Amino acid sequence: MLITIIRSKGGAGKTTLTANTGALLADYGYRVLLVDADIRPALSSCFPLAERAERGLTHLITKGPSGGSISRTEIDGLDLIYSDDPDSTLSTFILKTADLSGI
Ligand SMILES: Nc1ncnc2c1ncn2[C@@H]1O[C@H](COP(=O)(O)OP(=O)(O)OP(=O)(O)O)[C@@H](O)[C@H]1O
Ligand SMILES: [Mg+2]
């Protein structure tokens, strides 16, 4: 199941809803992967990390799934791909890449 939480309005509660929903589902026993795609990485710092991956969302999107982009939080079953794109280069990359089959 994929849940996307997005809204253009600032301060609407996106990060709070995402963090709470993720933690709740993990408490229910689901395996949850939070993906922080916000250039201001608030979700990335909501939960203490038990193991921080070397890379975040930029590597995953531009290079593909090899090489470890998933960090483990201290909550069982709750993992995270952190945001590492403060200059918003990913949106340009995606716009210029018709499909991602070449990565
Ligand atoms: N359901 C709620 N009731 C009351 N306050 C809330 C609720 N959800 C979020 N907040 C508060 O509103 C503020 C903004 O929430 P949050 O950071 O989650 O919004 P956001 O949409 O992610 O903002 P941004 O656009 O800046 O990323 C925070 O102070 C948060 O604690
Ligand atoms: Mg937010």
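What you see is a predicted model; the values in this text were computed from it and never measured.
In this structure, a donor-acceptor pair under 3.5 Å is present between the side chains of Ser88 and Ser91. Defined by atom type and a distance below 3.5 Å, a donor-acceptor pair is missing between the side-chain atoms of Ser83 and Asp38.
In this structure, Met1 is a member of the same hydrophobic cluster as Leu80, with clusters built from ILVMFWY side-chain heavy atoms closer than 4.5 Å. Under a hydrophobic clustering in which Ile, Leu, Val, Met, Phe, Trp and Tyr are joined whenever their side-chain heavy atoms come within less than 4.5 Å, directly or via other members, Phe47 and Ile5 fall into the same cluster. Cluster annotation: Leu49 is connected to Leu34 through the hydrophobic network of ILVMFWY side chains, with a link wherever side-chain heavy atoms come within less than 4.5 Å. In the hydrophobic clustering of ILVMFWY residues, with side-chain heavy atoms under 4.5 Å counting as a link, Ile75 and Leu24 come out together. There is no path of hydrophobic side-chain contacts, each under 4.5 Å, that joins Val35 to Tyr30.
In the displayed structure, Asn20 atom CG is contacted under 6.0 Å by more than 12 heavy atoms of other residues, nucleotides or ligands.
Expressed to the nearest 0.5 Å, how far OH of Tyr82 lies from OG of Ser45 amounts to 13.0 Å. To the nearest 0.5 angstrom, Ile70 atom CD1 is 5.0 Å from Leu33 atom CG.
Cys46 and Thr15 make their closest contact through SG-CG2, 4.1 Å (heavy atoms, listed as atom of the first residue, atom of the second, distance). Considering all non-hydrogen atoms of both residues, Thr62 and Phe93 come closest at CA-CZ, 3.8 Å. In plain terms, the two heavy atoms of His59 and Asp84 that are nearest each other are N-OD2, 4.5 Å. Across all their heavy atoms, Lys14 and Gly11 have their closest contact at NZ-N, 4.2 Å. Across all their heavy atoms, Leu78 and Thr73 have their closest contact at O-OG1, 2.7 Å.
A side-chain donor-acceptor contact under 3.5 Å links Asp36 to the backbone of Ser44. Judged by distance alone, the side chain of Asp85 and the main-chain N or O of Thr58 form no donor-acceptor pair under 3.5 Å. Although no hydrogens or angles enter the test, the distance criterion places a donor-acceptor pair under 3.5 Å between the side chain of Ser71 and the main chain of Ala53. The backbone N or O of Ile94 lies less than 3.5 Å from no partner atom in the side chain of Thr97, so there is not a single donor-acceptor pair.
Partner of Ile3 under the side-chain contact (heavy atoms from CB on, under 4.5 Å) criterion, chosen from Leu17, Thr18, Leu25, Val32: Leu25.
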